[in-house]
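For the numbers below, each heavy atom of this structure counts, side chains included, while hydrogens, waters and symmetry mates do not.
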Amino acid sequence: MIDIELLRSDRARVEENLGRRRNPALLRLVAEVFEEDVAWRATVQEADRVRAQRNTLGQRIAAARKAGETTDALLAESKALPEALKEVERREAELRRSRDQHLARIPNLLDPSVPYGKDDTENVVVATWGSRGTVGAAKRPHGEALEELGWADFERARRASGAGFYYLEGPLVLLDLSLQRFALDFLVERGFTPVVPPFMLRREPYEAVTDLNDFESVMYKVEGEDVYLIATSEHPLAALYQGEILDEEAVPIRLAGLSVNFRREIGGHGVDQKGLFRVHQFSKVEQFVFCRPEDSPKIHEELRETAEEIFRRLEIPYRVVNVCTGDVGTIAAKKYDIEAWFPRQQAYREVVSCSNCTDYQARSLGIRLGRAGRPGKVVPHTLNSTAIATSRALVAIVEQHLQEDGRLEVPKVLRPYLGGREHLGPPRPRAHGAP
RNA sequence: GCUGAGGUAGCCUAGCCCGGCAAGGCGCCAGCCUUGAAAGCUGGUGGCGGCAACGCCACGGGAGUUCAAAUCUCCCCCUCAGCGCCA
C-alpha cells in the first residue's frame with residue numbers, strides 16, 4: 001500500500017501522480033480515503049478521551065479500595081462508560097476498516113520516467129537485440145510440432161487436468177531443467193541466493209503483495225485451507241521477511257526464486273491456444289531484491305540487464321519496452337517487459353516482467369529497514385524480475401532451433417547441462433497409442 | 001489425527017493460579033567516567049492520535065464477564081514436542 005502519511009501531507013502530489021494512470025475512479029478513491037482518514041482521526045481522539053476517563057476512574061477506585069474508603073460514587077460514575085466507549089469504538093473500527101480497505105486499493109505511485117500512455121500499444125521500446133530476419137521460421141505452431149515429436153502431450157493433459165495443462169516428455173523435460181539450472185547458476189554467479197519457496201501462501205501475506213483483483217482472476221485457492229497456489233515465486237519471496245526488521249547492512253538481499261507457478265488465466269486471451277505459451281502451470285526462475293530506497297532505480301536496471309543477458313546467451317532475439325502508465329499495473333512504480341521474438345508468430349511476445357515495486361509491497365508486509373532497537377527505520381524497496389520462465393523460453397527455442405529433420409539444436413550455453421549434446425532428438429515412436 | 005507445552009516490546013524471560021498504572025535481562029543509542037576502549041553508573045530505546053502539553057494503544061486474533069482483563073470464560077489461529085500416518 002502507499003504511505004497514508006504522504007496522502008495527508010501532500011494530497012495534490014498523490015492525485016497528480018495517480019492521474020497519470022488515466023483512471024478517474026482512482027481520484028474518487030483518494031478523496032474517499034482522505035475523508036475517511038480525517039473522520040477516523042477524530043473518532044480516535046474521542047475514544048481516547050473516554051478511555052482516559054475510564055483509566056483515571058479505575059485507578060481512583062483501586063486507590064480508594066486500598067485506603068478502605070467507600071467507592072459507591074466512583075462506581076456510579078463509571079457505570080455509563082463501557083456503553084459509551086463501545087459505541088465510539090464501533091464507529092472507530094468501522095471507519096478504520098473502510099479507510100484501510102480503500103487505501104489498499106490505491107495503486108503504487110509511478111516513477112516519473114514511466115511513459116504516459118493508455119495501454120500496451122503505447123509502451124515505449126527502449127532496446128532491441130538480435131536479428132529477426134536471420135532466424136529460421138518453423139512451419140507449424142510449436143504445440144503441434146512438439147506433439148508430433150512426442151515431446152509434449154496436450155490432448156491427454158486436457159483429458160486428465162483440463163485445458164492449459166500439459167505433459168512434458170522426453171528431451172523437452174531435460175531442456176526445461178537445463179534452462180532452470182542455467183538461469184540459477186547465472187544468478188548465483190551474480191550474488192543471488194537460490195531459494196525454493198513454499199508453493200502455497202496464506203491469504204494475508206498474499207493480499208500484501210498482489211493486486212486484490214488477482215484473487216478472482218489469477219489465483220487458485222485450495223479448498224478448505226486458507227492458502228493459494230502461488231502465481232510466481234515473487235510472492236512468497238516478498239513475504240519471506242514479513243513483519244521483520246532487515247539490518248541495513250544486510251541489504252541488498254538478492255534472491256533467486258525457483259518455483260512452479262499456477263495461474264488460472266481467466267479473461268485475457270485464455271488458454272485456448274495449443275502449446276506452452278499461455279498455461280496454468282509453469283516453472284520460473286525469478287530475481288528478487290530487497291534494498292535501500294535510494295538504490296532501487298539502479299538495481300532495477302541491473303535486474304533488467306541480467307535478464308537481457310540471459311536471453312542473449314540463449315540466442316533469443318528480443319526487445320525491451322518501458323511499460324506505459326496505463327499498462328504498468330497496481331503494484332509496480334516502473335516496469336520493463338522483455339519481449340522475445342517468436343518467428344512463427346512474427347511477433348514480439350512478453351517473456352520477462354521486471355518491476356520496481358518501491359515500498360508498496362514492503363509496507364503492506366510490515367518490513368522495515370534499520371537496526372533493531374534504534375530509531376530511524378525506513379521501508380525497504382522490493383524489486384522482481386523474471387530470469388527465465390521455461391514454458392515461454394521453450395517455445396522461443398523450439399520455434400527458432402527446431403530443424404527440418406526434427407532435431408532441436410541446443411543453445412550453446414545449455415549444452416553443459418545436457419551432457420554436451422548439440423542436438424536433442426530425433427523423434428522416436430511414442431510408447432503409447434493415440435488417445 | 002491424538003496428547004501436551006507454548007505465543008508478552010528488536011531478542012530472551014517474569015507476571016496468569018488469586019483481575020487494579022506490563023516488570024526484569026540482553027541488544028542498541030546517548031551522557032557521565034576514561035588518554036582511548038571495556039567495565040561501571042545514569043537516561044533513553046515500540047505503535048497510533050495530537051502543533052504541542054499529553055493521551056491512548058500494544059501481552060497471537062476475536063468475542064464475553066467487569067467500574068477495571070496479560071490475568072477469568074468461550075471461540076479461533078499459529079508454533080514447538082511426543083505419538084500416529086506418510087514420500
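Rounded to a whole angstrom, the distance from the P atom of B:A23 to that of B:C57 is 15 Å. A distance of about 14 Å separates the C1' atoms of B:C76 and B:G7, rounded to the whole Å. For B:G60 and B:C51, the P atoms lie 33 Å apart once the distance is rounded to whole Å. Taking atom C1' on both nucleotides, B:U13 is separated from B:G27 by 14 Å, rounded to a whole Å. Rounded to a whole angstrom, the distance from the P atom of B:U35 to that of B:G50 is 49 Å. If you take atom C1' in B:C56 and the same atom in B:C21, they sit 13 Å apart, rounded to whole Å. The gap from the P atom of B:A9 to that of B:G24 amounts to 15 Å, rounded to the nearest Å. Using P as the reference atom, B:A53 and B:A68 are 30 Å apart when rounded to the nearest Å.
Side chains of A:S259 and A:N261: a donor-acceptor N/O pair is present below 3.5 angstrom, by distance only. Inspection of the A:S233 and A:E286 side chains reveals no N or O donor paired with an N or O acceptor under 3.5 Å. If you check the side chains of A:T386 and A:K284, you find no donor sitting under 3.5 Å from an acceptor. Between A:Y220 and A:H280, the side chains place a donor N or O and an acceptor N or O closer than 3.5 Å (distance only, hydrogens not considered).
A close approach under 4.0 Å does occur between a side-chain nitrogen or oxygen of A:R54 and OP1 or OP2 of B:C57. Distances shorter than 4.0 Å separate none of the side-chain N or O atoms of A:R41 from OP1 or OP2 on B:C48. Considering only side-chain N and O atoms, A:N55 lies under 4.0 angstrom from the phosphate OP1 or OP2 of B:C57.
Spacing between atom CZ of A:R203 and atom C1' of B:C77 amounts to 17 Å, rounded to whole angstrom units. Rounded to an integer number of Å, the gap from CZ of A:R51 to C1' of B:C21 is 16 Å. Counting to the nearest Å, the C1' atom of B:C56 and the CD atom of A:E89 are 11 Å from each other. The nearest whole Å value for the distance from the CG atom in A:D48 to the C1' atom in B:G55 is 6 Å. One interatomic measurement links the two molecules: CZ of A:R202 to C1' of B:U79, which rounds to 10 Å at whole-angstrom precision. To the nearest angstrom, P of B:G10 lies 12 Å from CD of A:E244. Distance, A:K86 NZ to B:A68 P: 10 Å, rounded to whole Å. Atom CZ of A:R96 and atom C1' of B:C57 are 11 Å apart (whole Å).
When each of A:R99 and A:A52 is assigned the nucleotide of RNA chain B with its nearest heavy atom, A:R99 is the one assigned upstream, toward the 5' end. Nearer to the 5' terminus of RNA chain B, by closest-nucleotide assignment, is the contact made by A:V44 (compared with the other of A:R49 and A:V44).
By the 6.0 Å and 45° rule, A:R156 does not stack over the aromatic ring of A:Y167. Judged by the 6.0 Å and 45° rule, A:R190 forms a cation-pi pair with A:F186.
Helical stems in RNA chain B, defined as runs of 3 or more consecutive Watson-Crick or G-U wobble pairs with donor-acceptor distances under 3.5 Å: B:1-7 with B:77-83, B:10-13 with B:23-26, B:27-32 with B:40-45, B:46-49 with B:54-57, B:60-64 with B:72-76.
More than 12 non-hydrogen atoms from other residues, nucleotides or ligands lie less than 6.0 angstrom from CZ of A:R313.
Using a cutoff of 4.0 Å between basic side-chain nitrogens and carboxylate oxygens, A:E309 and A:R312 are scored as salt-bridged.
Here salt bridge (Lys or Arg N to Asp or Glu O under 4.0 Å) pairs that include residues 198-214 of chain A, with residues two or more places apart or in two chains, are A:R203-A:E207.
Exactly one residue among A:L29, A:I106, A:T325 makes a side chain to side chain contact (heavy atoms under 4.5 Å, CB included) with A:L18. That residue is A:I106. Residue A:E94 forms a salt bridge (charged side-chain N to carboxylate O under 4.0 Å, His left out) with just one option from A:R97, A:R90, A:R91, and that option is A:R97.
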Under 3.5 Å, which N/O atoms of the protein pair with N/O atoms of nucleotides 16-20 of chain B?
residue	atom	partner	partner atom	Å
B:G20	O6	A:R65	NH1	2.5
B:G20	N2	A:G58	O	3.1

